[in-house]
Amino acid sequence: MQAHSGSSFRFWRSARTDPSLRAPARAILEEVGLGARADVLAANLAHGEQRQLEVAMVLATKPRLMLLDEPVAGMGVEESQRMVQFLARFKGKQTIILVEHDMDAVFSLADRISVLVYGRIIATGTPAEIRANPEVRSAYLGEEAEA
């Protein structure tokens, strides 16, 4: 928030008490579901909440595009599902490029998918097209390609 407000170089002014910074920061925390946890130190947030905070920090910069690199990495099934539901709230509002290995998350979030194997694109299409692609099924879903 400081960088976009032009106040990042006001050394003698506390960013913590500046209402022109606090109000928009709290609004973004509310948007990502962390409003009730606004006064908790980031280190004391749960892993999933820390990932939500990362998204909030990105949103504070008012990006035209968000690049998310494995947003559900290191999460258990329940926490991953919560993160997918959280990210789904931004569909249609924000352009997102998602790099993810969790295929359930990809199929839930993506409108268009490109699948890479060893740095080469093997398929691009809708989730339904990718799910039905025999080469993708063999490479990522662990199924034998039909002859």
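When atom types are taken as modelled, the side chain of S138 and the backbone of P134 share no donor-acceptor pair closer than 3.5 angstrom. Judged by distance alone, with hydrogens and angles left aside, the side-chain atoms of E129 form a donor-acceptor pair with the main-chain N or O of T126 at under 3.5 Å.
Of the inter-residue distances, the one linking T61 atom OG1 with I28 atom CD1 reads 8.5 Å to the nearest 0.5 angstrom. Rounding to the nearest 0.5 Å gives a distance of 8.0 Å between CE of M103 and CZ of R131. Between the CG atom of L29 and the CG atom of L59 there is a distance of 10.5 Å, given to the nearest 0.5 Å.
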Residues 34-45, side-chain donor-acceptor partners within the protein, below 3.5 Å, at least two apart:
unit_1	atom_1	unit_2	atom_2	d
R37	NE	E49	OE2	3.0
R37	NH2	E49	OE1	3.1
D39	OD1	R26	NH2	2.7

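V84 has its side chain within reach of V72: a pair of non-hydrogen atoms, C-beta onward, lies under 4.5 Å apart. Two residues are said to be in side-chain contact when any heavy atoms from C-beta on lie closer than 4.5 Å; L109 and I96 fail this criterion. Within the 4.5 Å cutoff, no side-chain heavy atoms of L68 are placed close to those of V99. The shortest side-chain heavy-atom distance between E31 and F90 falls under the 4.5 Å cut-off. Considering only heavy atoms from C-beta on, R51 stays 4.5 Å or farther from E79 through its side chain. When side chains are defined from C-beta on, Q94 does not count as touching R64, because their heavy atoms never get closer than 4.5 Å. Using a 4.5 Å heavy-atom threshold, the side chains of V115 and T124 count as separate.
Applying the side chain to side chain donor-acceptor pair (under 3.5 Å) rule to pairs touching residues 95-110 yields E70-H101, sequence neighbours excluded.
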I122 vs V136, test: side chain to side chain contact (heavy atoms under 4.5 Å, CB included). Steps then yes/no.
CA-CA 7 Å; I122 62 167; V136 172; 4.0 Å; yes
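Among all heavy-atom pairs drawn from S80 and M75, the shortest one is OG-CB, 3.4 Å. The shortest non-hydrogen separation linking P127 to A110 is CG-O, 3.2 Å. Between V32 and Q52, the shortest heavy-atom contact is O-NE2, 2.6 Å.
Both L87 and M57 are members of a single hydrophobic cluster when ILVMFWY side chains are connected at heavy-atom separations under 4.5 Å. The hydrophobic cluster containing V117 also contains I113, counting ILVMFWY residues as joined when their side-chain heavy atoms lie under 4.5 angstrom apart, directly or transitively.
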